[in-house]
Amino acid sequence: MDISNEKQDLLDRRYLRMARIWAENSYCRRRKVGAIIVRDKMIISDGYNGTPAGFENVCEDENGLTKPYVLHAEANAITKVARSNNSSDGATLYVTASPCVECSKLIIQAGIRRVVFNELYRITDGVDLLQRAGIECVHIPDLGE
């Protein structure tokens, strides 16, 4: 089923707005990031940046730096779908900030085929790796609200 470019753009913007709302669940003070994985027009997973399950909900140390064990939103969404009966193979990941290189490796291995993001992070090696792997990357800087 081929979806028109206009309709795809509309869906992309809606799912990105949902990812931004999901980011509000993050306890991180420096940056709140949300992610949603969609396959066949169904949300199959979601995530936001934060500490691992069972840890205190404090993302920054006393100097305001992010603790090294904080998980990125994409990693949380991918590991969450891995624990479910769903498959991310061929899915689209919507994330509020462009993925880092570590999350990009997970995205590739998870079989995600498209990544749609809002904010382009200053370090673009993650997006570069995704494109090298043939994953479609869509930057939507303005959600038009």
Side-chain angles (χ1 to χ4, degrees), residues 1-53 55 57-60 64-145:
M1 181 172 120
D2 192 19
I3 195 166
S4 74
N5 288 343
E6 187 176 317
K7 184 165 185 173
Q8 185 64 62
D9 182 64
L10 185 64
L11 285 172
D12 287 346
R13 290 173 182 276
R14 285 179 180 159
Y15 284 126
L16 262 183
R17 285 196 304 271
M18 291 172 76
R20 191 155 67 193
I21 290 168
W22 201 245
E24 295 173 15
N25 289 316
S26 174
Y27 288 92
C28 297
R29 293 189 312 264
R30 290 182 70 200
R31 169 176 295 190
K32 295 178 184 295
V33 179
I36 292 177
I37 300 175
V38 176
R39 184 171 178 216
D40 299 326
K41 295 186 185 174
M42 290 187 304
I43 296 171
I44 60 168
S45 191
D46 51 56
Y48 50 87
N49 57 327
T51 56
F55 282 62
N57 287 320
V58 179
C59 298
E60 293 84 12
L65 299 174
T66 301
K67 294 178 179 176
Y69 53 84
V70 167
L71 288 158
H72 289 184
E74 307 95 313
N76 267 326
I78 290 168
T79 55
K80 188 174 179 179
V81 78
R83 293 179 65 178
S84 74
N85 291 326
N86 288 310
S87 169
S88 55
D89 198 37
T92 298
L93 171 73
Y94 294 90
V95 63
T96 57
S98 58
C100 71
V101 73
E102 292 301 318
C103 287
S104 292
K105 291 190 264 185
L106 294 175
I107 291 165
I108 293 164
Q109 291 302 97
I112 293 169
R113 299 308 314 150
R114 284 180 84 232
V115 175
V116 181
F117 59 92
N118 183 218
E119 177 190 343
L120 180 60
Y121 192 63
R122 61 182 170 80
I123 302 169
T124 62
D125 56 353
V127 173
D128 297 340
L129 183 65
L130 292 173
Q131 290 172 334
R132 180 176 170 195
I135 295 173
E136 180 185 356
C137 295
V138 180
H139 179 206
I140 301 179
D142 174 26
L143 291 181
E145 297 169 303

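The figures that follow rest on heavy atoms only: side chains count, while hydrogens, waters and symmetry mates do not.
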Determine yes or no for a side-chain-to-main-chain donor-acceptor pair under 3.5 angstrom, with [X] supplying the side chain and [Y] the backbone.
| X | Y | result |
| --- | --- | --- |
| Ser88 | Ala110 | yes |
| Ser98 | Leu120 | no |
| Asp9 | Glu6 | no |
| Arg113 | Gly134 | yes |
| Arg13 | Asp142 | yes |
| Glu74 | Ser104 | no |
| Arg39 | Asp89 | yes |
| Lys32 | Glu24 | no |

Flag if over 12 foreign heavy atoms under 6.0 Å of CD, Gln109
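For Gln109, atom CD is not crowded (no more than 12 foreign heavy atoms under 6.0 Å).
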I need the minimum non-hydrogen distance between [X] and [Y], along with the two atoms involved.
| X | Y | answer |
| --- | --- | --- |
| Gly47 | Ala77 | N-CB, 3.9 Å |
| Tyr69 | Pro52 | O-CD, 3.5 Å |
| Gly50 | Cys59 | CA-SG, 3.9 Å |
| Ala23 | Gly34 | CB-N, 3.3 Å |
| Cys28 | Val70 | SG-CG1, 4.2 Å |
| Thr96 | Asn118 | O-CB, 3.4 Å |

Next on the checklist: Looking at Glu119 and Arg31, is any side-chain nitrogen of the basic one under 4.0 Å from a carboxylate oxygen of the acidic one?
Outcome noted: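 Yes, Arg31 and Glu119 are salt-bridged.
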For the atom pair [atom1] ([X]) and [atom2] ([Y]), what is the distance rounded to the nearest 0.5 Å?
| X | Y | atom1 | atom2 | answer |
| --- | --- | --- | --- | --- |
| Asn86 | Asp40 | CG | CG | 10.0 Å |
| Ile37 | Tyr15 | CD1 | OH | 13.0 Å |
| Ile44 | Asn85 | CD1 | CG | 11.5 Å |
| Leu130 | Ile108 | CG | CD1 | 5.5 Å |
| Ile36 | Met18 | CD1 | CE | 4.5 Å |
| His72 | Glu102 | NE2 | CD | 9.0 Å |

**Asked** When you check the side-chain N and O atoms of Thr66 and Arg30, is any donor under 3.5 Å from an acceptor?
**Response** yes
Anything under 30° is parallel, anything over 60° is perpendicular, the rest tilted; go ahead and classify Phe117 against His139.
-> parallel
Margin query: Is the shortest side-chain heavy-atom distance between Gln131 and Ile135 below 4.5 Å?
Written below: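 A side-chain contact under 4.5 Å is absent here.
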- Task: Taking the side chain as every heavy atom from C-beta outward, state whether Val38 and Leu11 have any pair of such atoms under 4.5 Å apart.
- Result: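 No - every pair of side-chain heavy atoms lies 4.5 Å or more apart.
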*Begin from the C-alpha positions of Thr92 and Val116 and carry the test side-chain contact (heavy atoms from CB on, under 4.5 Å) through to its verdict.*
CA-CA 7 Å; Thr92 298; Val116 181; 4.0 Å; yes
Note to self: Applying ring pair (Phe, Tyr, Trp, His ring centres under 6.0 Å), can you list everything that pairs with Tyr27, at least two apart in sequence or on another chain?
What the structure shows: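 Expected list: none.
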Is there a side-chain contact (heavy atoms from CB on, under 4.5 Å) between Arg83 and Thr79 once you walk through the steps? CA-CA 6 Å; Arg83 293 179 65 178; Thr79 55; 5.7 Å; no
Run the side-chain contact (heavy atoms from CB on, under 4.5 Å) check on Glu136 and Val115 step by step: do they pass?
CA-CA 6 Å; Glu136 180 185 356; Val115 175; over 6 Å; no
Handout entry: Check against side-chain contact (heavy atoms from CB on, under 4.5 Å), Asn76 and Asn49
Key = CA-CA 7 Å; Asn76 267 326; Asn49 57 327; 5.8 Å; no
